[in-house]
*Asks:* 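Here it is, the structure in full.
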2 protein chains.
Amino acid sequence: MSHAKKKSPAAAQPGLTMADLAKLAGVSKITVSRALGDSPLVTAETRERIQALARKHGYKLNVSARNLRLRRSHTVAVIVEMKPSSSRTMWDPYPLSLLGGISQELTSAGYSVLLTTRHDAANAAVQAADGLILLGQGEHEDAVKLYDRMGLPMVVWGAESAQDNHIVVGSDNRHSGVSVAERFLSIGRRHPVFIGNSDHPEMAQRLHGFVDELAGHGIKPLLLRRVDWTLESGVEAVRSLAARKVHFDSIFACSDLLAMGAIRALVELGLSVPNDVSVVGYDDTPHGASFLPPLSSVRQNWQEGGVLLARKVLALIDGLPVSSQVLPTSLVVRAT
Amino acid sequence: MSHAKKKSPAAAQPGLTMADLAKLAGVSKITVSRALGDSPLVTAETRERIQALARKHGYKLNVSARNLRLRRSHTVAVIVEMKPSSSRTMWDPYPLSLLGGISQELTSAGYSVLLTTRHDAANAAVQAADGLILLGQGEHEDAVKLYDRMGLPMVVWGAESAQDNHIVVGSDNRHSGVSVAERFLSIGRRHPVFIGNSDHPEMAQRLHGFVDELAGHGIKPLLLRRVDWTLESGVEAVRSLAARKVHFDSIFACSDLLAMGAIRALVELGLSVPNDVSVVGYDDTPHGASFLPPLSSVRQNWQEGGVLLARKVLALIDGLPVSSQVLPTSLVVRAT
DNA sequence: CGATATCAAGATATCGATATCATTCGTTGC
DNA sequence: GCAACGAATGATATCGATATCTTGATATCG
């Protein structure tokens with residue numbers, strides 16, 4: 001028989017405690033706590049001395065103990081709505097840029113980022129979080145209710161809607177639509193098409209802005225509903241327009257991939273971009289910018305959005321007044 | 001003077017404790033603990049009763065308390081090497097797919113995913129993690145040492161290297177190189193070019209496989225060093241080849257963007273793809289697949305990689321024997 | 001000079017869960 | 001009929017930090 005013993009799981013390292021430091025410094029542990037916490041209740045001299053000692057011995061705070069005592073976790077859960085096989089979810093660069101901003105801001109404020117997917121949100125650790133950030137594209141309606149029930153400070157990325165009353169940070173989708181309409185009008189386009197999903201809150205706002213601005217000039221765009229945001233979907237969209245013999249001279253697509261697909265189909269049909277048809281995409285992806293011809297697109301600032309999301313949860317956690325916010329977008333005009 | 005008081009930060013919700021449940025059930029709190037933990041030390045009957053009670057009252061475990069007592073955090077930190085303005089980091093879809101797999105696997109094992117960037121890795125919460133997953137592209141050398149010092153179970157995504165002895169999960173970069181070489185040979189190419197950065201461990205292995213396989217047929221490819229993985233970089237690479245009047249008939253590029261840039265430059269030069277020059281990219285991105293002409297590319301399975309990374313940290317945490325692993329890649333042949 | 005304010009630091013209780021040792025009760029065996 | 005046993009449960013100590021209340025020493029004032 002073997003005497004090979006299974007290594008003890010998660011072998012707890014020796015690690016000093018405050019009590020140890022206290023003994024070393026010849027003070028009580030509460031003094032150590034205060035010294036390390038930069039409390040004004042200890043002399044500058046002893047504070048220095050104890051902090052130096054802590055550094056020297058590589059003291060590490062036990063986060064669990066502090067969190068238990070303080071009854072908070074110093075953690076914000078980020079819930080990513082991840083439909084396993086959908087076209088645009090966690091796999092795309094978007095939420096990731098948001099995550100970057102969030103992570104940067106939260107960690108520099110001493111908070112941790114707990115990453116979860118919708119499915120795991122019942123997780124005990126999520127419930128222990130001090131706050132919630134919800135990332136997802138239009139899947140909110142029911143989800144929000146679920147999380148709201150947890151009674152945690154929560155901030156959502158997306159489009160603000162009238163009926164729900166949680167804090168929302170998102171891009172100015174409406175203005176994006178207006179900008180694109182203005183652009184089309186300024187270059188004399190009179191028969192615009194909108195490709196996207198009007199059930200999606202963010203896209204719906206883009207559509208509204210687009211429609212309203214055009215309406216001011218007596219123009220009514222054609223709405224071409226597309227659920228998928230893929231290149232193929234864009235191709236099909238334009239083909240269906242051609243099949244229906246619709247006359248159009250400009251396309252506002254709700255994603256760069258849709259736009260690129262549309263352009264490809266236009267070229268197939270012998271139409272010239274931008275001479276015959278102008279096309280504007282959304283998200284200003286690197287691929288769109290490198291496309292031939294380089295794609296005009298609406299850019300949103302994901303990273304800044306992430307930072308804002310983080311700041312707002314933190315403010316909520318601190319009990320400060322917080323309001324929703326929309327971030328400006330910019331239309332990047334390139335060749336199309 | 002105002003009596004408007006700042007809302008108490010992080011107002012601790014009432015939330016039942018095990019002691020409360022115990023009182024309700026008329027048992028001791030330790031029995032509650034055992035019942036909720038499915039311990040065999042309590043009757044099936046009382047276990048059911050207490051679990052029902054817990055459900056009914058919406059009892060939530062206090063994670064901090066448990067972690068403190070058990071001296072572990074049930075958390076794995078994922079450290080993303082995030083060079084702020086680099087071309088391929090957290091902003092790209094890659095680490096995100098990995099994250100998806102990691103998150104899925106860890107949460108279903110009852111662990112939490114703590115997301116951090118390299119810069120914040122000194123963070124107390126990271127040090128409290130039970131394990132570490134390091135994501136990054138070739139930035140490991142120094143970083144690994146740093147994290148190793150923390151003495152935590154650690155798993156790294158990337159290329160296995162001889163000198164360091166930590167667990168690595170990654171794609172079979174060498175085999176990818178071999179596959180591409182075989183492909184070029186099978187279609188009669190004799191003058192291949194490799195575009196990439198040989199200082200990058202993963203790319204270096206691709207290069208080795210490529211070179212070795214070709215060497216078996218008496219062919220020595222040209223190495224064109226490119227640090228950036230952008231489309232522009234691909235364009236410049238091919239232009240420089242043309243400027244130097246190099247004769248070549250095939251290109252293995254270390255990213256799809258590089259490959260697409262290369263193709264664009266080739267077209268500009270009046271060369272036909274794939275008639276004059278074959279091109280293979282890397283990562284099999286959606287954009288590459290939708291490129292015109294559709295790009296041939298090497299696909300790696302990010303999500304499965306994520307799952308594996310997670311499983312291996314968990315195994316390490318449990319003190320089980322763990323070894324590095326390479327995942328198969330596949331060459332997706334399309335039009336180029 | 002005595003009384004009070006001020007300041008640094010200590011003693012103790014506490015956060016909520018679980019490991020360990022102790023207890024109770026009903027069984028079983030001889 | 002009694003000892004020994006085992007199953008179910010309980011009592012207590014503990015994880016490591018911090019809030020609160022005290023204590024002791026020094027400074028300030030009339």
Side-chain angles (χ1 to χ4, degrees), chain A residues 8-51 53-54 57-74 110 124-125 127-128 130, chain B residues 8-51 53-54 57-74 110 124-125 127-128 130:
Chain A
S8 132
Q13 349 180 38
L16 297 185
T17 74
M18 282 195 175
D20 299 329
L21 272 186
K23 206 163 295 175
L24 285 169
V27 298
S28 73
K29 53 182 188 166
I30 186 64
T31 301
V32 174
S33 171
R34 294 201 258 246
L36 296 180
D38 281 329
S39 157
L41 291 174
V42 291
T43 327
E45 187 266 330
T46 52
R47 184 189 321 158
E48 283 307 325
R49 188 165 56 91
I50 293 177
Q51 290 189 353
L53 203 65
H57 289 75
Y59 165 78
K60 290 183 183 74
L61 176 74
N62 183 317
V63 188
S64 298
R66 185 187 55 171
N67 287 344
L68 172 58
R69 182 67 242 241
L70 296 181
R71 298 155 145 273
R72 34 193 322 206
S73 62
H74 281 281
Q127 299 174 332
D130 292 336
Chain B
S8 132
Q13 350 181 35
L16 297 184
T17 73
M18 282 195 173
D20 299 329
L21 273 186
K23 206 163 295 174
L24 284 170
V27 298
S28 73
K29 53 183 187 167
I30 186 65
T31 301
V32 174
S33 171
R34 295 201 257 247
L36 296 180
D38 282 328
S39 156
L41 290 174
V42 292
T43 326
E45 187 267 329
T46 52
R47 184 189 319 157
E48 283 306 326
R49 189 164 59 90
I50 293 177
Q51 290 190 352
L53 204 64
H57 289 74
Y59 166 77
K60 290 182 183 74
L61 175 74
N62 183 317
V63 188
S64 299
R66 185 187 52 174
N67 288 343
L68 171 58
R69 182 68 243 242
L70 298 180
R71 297 155 146 272
R72 35 194 318 206
S73 62
H74 281 281
Q127 299 173 330
D130 292 336

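Letters A, B, ... mirror the listed sequences (proteins, then strands); counts begin at 1.
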*Asks:* Using a distance-only criterion (donor-acceptor N/O pair, under 3.5 Å, no hydrogens), is the base of C/dG10 paired with the side chain of A/Arg34?
*Replies:* yes

*Asks:* Do A/Leu24 and A/His57 have side chains that approach each other closer than 4.5 Å (heavy atoms only, starting at C-beta)?
*Replies:* yes

*Asks:* For a quick test of reading the model: is some side-chain N or O of A/Thr31 closer than 4.0 Å to OP1 or OP2 of C/dA9?
*Replies:* no

*Asks:* With hydrogens left out and only the distance checked, is there a donor-acceptor pair under 3.5 Å joining A/Arg66's side chain and the base of D/dT18?
*Replies:* no

*Asks:* Starting at the 5' end of DNA chain C, which residue's closest nucleotide do you reach first, B/Leu41 or B/Lys60?
*Replies:* B/Lys60

*Asks:* Please state whether the phosphate of D/dG16, meaning OP1 or OP2, lies under 4.0 angstrom from any side-chain nitrogen or oxygen of A/Ser64.
*Replies:* no

*Asks:* Test side-chain contact (heavy atoms from CB on, under 4.5 Å) on B/Leu68 and A/Asn62 and set out the steps.
*Replies:* CA-CA 8 Å; B/Leu68 171 58; A/Asn62 183 317; 4.0 Å; yes

*Asks:* Within the 4.5 Å heavy-atom criterion, are B/Leu61 and B/Met18 side-chain neighbours or not?
*Replies:* yes

*Asks:* If every non-hydrogen atom of B/Val63 is compared with every non-hydrogen atom of A/Ala128, which pair is closest and at what distance?
*Replies:* CG2-CB, 4.1 Å

*Asks:* Side chain of A/Ile30, heavy atoms from C-beta onward: which of C/dA9, D/dC15, C/dG10 has the nearest atom to it?
*Replies:* C/dG10

*Asks:* Are the side chain of B/Arg72 and the backbone of B/Asp130 linked by a donor-acceptor contact shorter than 3.5 Å?
*Replies:* no

*Asks:* Using atom CG of A/Asn62 as one end and atom P of C/dC15 as the other, report the distance to the nearest whole Å.
*Replies:* 18 Å

*Asks:* Nearest to the side chain of B/Arg69, which nucleotide is it out of D/dG10, C/dA13, C/dG16?
*Replies:* C/dG16

*Asks:* How many angstroms lie between NZ in B/Lys23 and NZ in B/Lys29, if you round to the nearest 0.5 Å?
*Replies:* 10.0 Å

*Asks:* How many whole angstroms separate atom CE of A/Met18 from atom C1' of C/dG10?
*Replies:* 15 Å

*Asks:* Below 4.0 angstrom from OP1 or OP2 of D/dA17, is there any side-chain N or O of A/Tyr59?
*Replies:* yes

*Asks:* For the side chain of B/Lys29, starting at C-beta, report the closest nucleotide among C/dT18, D/dG10, D/dG16.
*Replies:* C/dT18

*Asks:* Any side-chain heavy-atom pair from B/Leu36 and B/Leu21 closer than 4.5 angstrom?
*Replies:* yes

*Asks:* Apply side-chain contact (heavy atoms from CB on, under 4.5 Å) to residues B/Val27 and B/Thr46 and explain how you reach the verdict.
*Replies:* CA-CA 9 Å; B/Val27 298; B/Thr46 52; 5.7 Å; no

*Asks:* To the nearest Å, give me how far apart CD1 (A/Ile50) and P (C/dA8) are.
*Replies:* 13 Å

*Asks:* If I take atom CZ in residue A/Arg72 and atom C1' in nucleotide C/dG16, what distance separates them, rounded to the nearest angstrom?
*Replies:* 18 Å

*Asks:* In whole angstrom, what separates A/Lys23's NZ from C/dA9's P?
*Replies:* 19 Å

*Asks:* Looking at the side chain of A/Leu68, which of D/dG10, C/dA17, D/dG16 is the nearest nucleotide?
*Replies:* D/dG16

*Asks:* Please check the phosphate of D/dG10 (OP1 and OP2 only) for any side-chain N or O of B/Ser28 closer than 4.0 Å.
*Replies:* yes

*Asks:* What is the nucleic acid contact for B/Val63, judged by heavy atoms within less than 4.0 Å: base, sugar-phosphate only, or nothing?
*Replies:* nothing

*Asks:* Rounded to the nearest angstrom, tell me the gap between atom CG in B/Leu70 and atom C1' in D/dT14.
*Replies:* 12 Å

*Asks:* May I ask you to evaluate whether B/Ser33 reaches the phosphate of C/dT18, defined as a side-chain N or O under 4.0 Å from OP1 or OP2?
*Replies:* yes

*Asks:* Would you tell me if any nitrogen or oxygen in the side chain of A/Thr46 comes within less than 4.0 Å of OP1 or OP2 on C/dA9?
*Replies:* yes

*Asks:* So, OP1 or OP2 of C/dT14: does either fall under 4.0 Å of a side-chain N or O from A/Arg71?
*Replies:* no

*Asks:* Output the rounded distance in Å from NE2 (A/His74) to C1' (D/dT18).
*Replies:* 12 Å

*Asks:* Could you write out DNA chain D as a dot-bracket string, with dots for unpaired bases, | for bases paired across to another strand, and Watson-Crick or G-U pairs counted at under 3.5 Å?
*Replies:* ||||||||||||||||||||||||||||||

